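From a predicted model like this one, the values you see are computed outputs, not experimental measurements. Positions are given from 1, in the same order as the sequence printed here. No hydrogens, no waters, no symmetry mates; every other heavy atom, side chains included, goes into these values.
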Amino acid sequence: MEIAKNLYISTLLDIYGDLLTERQREMMSMYYYDDLSLTEIAEQYNVTRQGVHDALKHGEDALEHYDDVLGLAQQNEQYKKDLYEFKAQAYEALEECRKVSFAKNIADKVIVLLENLDSKIEEYENKDYE
């Protein structure tokens, strides 16, 4: 559960991080991207561990609120699901083409489609929100 939550918050931080205060963004970046402990972050900012914990909690709440209002993370997830569904459909079409001897030209087009989908999926997965 903790890994899934961290991944979710990291995704939200990628999308909405610029909407946070500079200090929240920096602390969250140190915690979620650099894997620093609360103590390590507290030492850098000369605050208590509790202060860092509170800043992270407020940042998480803000990120979740932004996504509730704007919905960009859900839109991105749906886009990714759609790409994989299109890819599955293209593979299905390719298999049908392979069953028919005169459908080679169609199969070649489906292969190009699959290559394009792979490119779009890779582009999505390596997307930089900044």
Side-chain angles (χ1 to χ4, degrees):
M1 178 65 177
E2 187 69 23
I3 292 173
K5 179 190 174 207
N6 287 353
L7 182 59
Y8 172 67
I9 296 297
S10 294
T11 299
L12 294 180
L13 187 56
D14 286 343
I15 297 170
Y16 303 111
D18 288 339
L19 299 175
L20 299 173
T21 67
E22 184 177 344
R23 187 175 176 122
Q24 278 179 324
R25 185 176 53 254
E26 288 172 356
M27 285 185 177
M28 294 190 77
S29 179
M30 289 177 181
Y31 186 76
Y32 286 101
Y33 298 146
D34 301 335
D35 201 29
L36 296 181
S37 69
L38 297 178
T39 302
E40 292 169 319
I41 298 168
E43 288 171 357
Q44 289 193 27
Y45 284 92
N46 199 27
V47 296
T48 64
R49 287 179 76 252
Q50 185 63 44
V52 174
H53 179 270
D54 291 347
L56 293 175
K57 179 65 176 142
H58 290 300
E60 290 170 4
D61 291 345
L63 293 173
E64 289 174 339
H65 172 73
Y66 296 142
D67 198 50
D68 287 344
V69 172
L70 300 172
L72 297 177
Q74 290 107 350
Q75 288 176 6
N76 283 337
E77 190 58 33
Q78 185 59 49
Y79 178 74
K80 182 178 177 181
K81 286 179 184 177
D82 289 347
L83 287 175
Y84 280 109
E85 176 59 29
F86 297 151
K87 185 175 177 178
Q89 291 173 6
Y91 271 116
E92 213 173 278
L94 180 61
E95 289 306 312
E96 288 297 317
C97 288
R98 287 182 173 157
K99 293 177 184 176
V100 180
S101 63
F102 61 85
K104 182 175 177 352
N105 62 337
I106 297 171
D108 291 342
K109 290 177 182 179
V110 173
I111 289 170
V112 170
L113 173 64
L114 284 166
E115 290 169 350
N116 290 338
L117 281 168
D118 282 338
S119 173
K120 286 294 183 187
I121 290 169
E122 182 178 342
E123 180 181 307
Y124 171 81
E125 290 177 341
N126 295 321
K127 190 175 193 177
D128 185 9
Y129 294 98
E130 297 184 81

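- Distance check, rounded to the nearest 0.5 Å: CG of Asn116 to CG of Leu83 gives 11.5 Å.
- In this structure, a donor-acceptor pair under 3.5 Å is absent between the side chains of Gln78 and Gln74.
- Expressed to the nearest 0.5 Å, how far OH of Tyr32 lies from CG of Leu12 amounts to 9.5 Å.
- The CD atom of Glu60 lies 10.5 Å from the CD atom of Gln24; values are rounded to the nearest 0.5 Å.
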Handout entry: Intermediate values then yes/no, side-chain contact (heavy atoms from CB on, under 4.5 Å), Tyr31 and Val52
Key = CA-CA 10 Å; Tyr31 186 76; Val52 174; 6.0 Å; no
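- For the residue pair Leu72 and Asp67, the shortest heavy atom distance occurs at N-OD1, 3.2 Å.
- In terms of the side chain to side chain contact (heavy atoms under 4.5 Å, CB included) criterion, residue partners of Asp61 (sequence neighbours excluded) are, by chain and number, Lys57, Glu64.
- Using a distance-only test at 3.5 Å, with no hydrogens or angles considered, no donor-acceptor pair links the side chain of Ser119 to the main chain of Glu115.
- Formation of a donor-acceptor pair under 3.5 Å by the Ser29 side chain with backbone atoms of Arg25 is not found in this model.
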Exercise for the section: Please assess Leu38 against Leu56 for the test side-chain contact (heavy atoms from CB on, under 4.5 Å), listing each intermediate value before the final yes or no. Expected result: CA-CA 9 Å; Leu38 297 178; Leu56 293 175; 3.4 Å; yes
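- Residue pairs meeting the side chain to side chain donor-acceptor pair (under 3.5 Å) criterion with at least one member in residues 42-52, sequence neighbours excluded: Glu26-Tyr45, Thr39-Arg49, Gln50-Asp54.
- The two residues Ile15 and Ala73 have their closest heavy-atom pair at CD1-CA, 3.8 Å.
- The two residues Ala90 and Val110 come nearest to each other via the heavy atoms O-CG1, 3.1 Å.
- In the hydrophobic cluster analysis, where Ile, Leu, Val, Met, Phe, Trp and Tyr join through side-chain heavy atoms closer than 4.5 angstrom, Leu7 is grouped apart from Leu36.
- Both Leu63 and Val69 are assigned to one and the same hydrophobic cluster, defined by single-linkage of ILVMFWY side chains at heavy-atom distances under 4.5 Å.
- Summarising the local packing, NZ of Lys80 is surrounded by more than 12 heavy atoms from other residues, nucleotides or ligands at distances under 6.0 Å.
- Atoms CG and CD, from Asp82 and Glu77 in turn, are 10.5 Å apart once rounded to the nearest 0.5 Å.
- Remark: Leu19 CG to Leu13 CG distance equals 10.5 Å, nearest 0.5 Å.
- Within the structure, ring pair (Phe, Tyr, Trp, His ring centres under 6.0 Å) pairs that include any residue of residues 74-96 comprise Tyr79-Tyr124 (at least two apart or interchain).
- In this structure, CG on Asp35 lies 13.0 Å from CE on Met30, to the nearest 0.5 angstrom.
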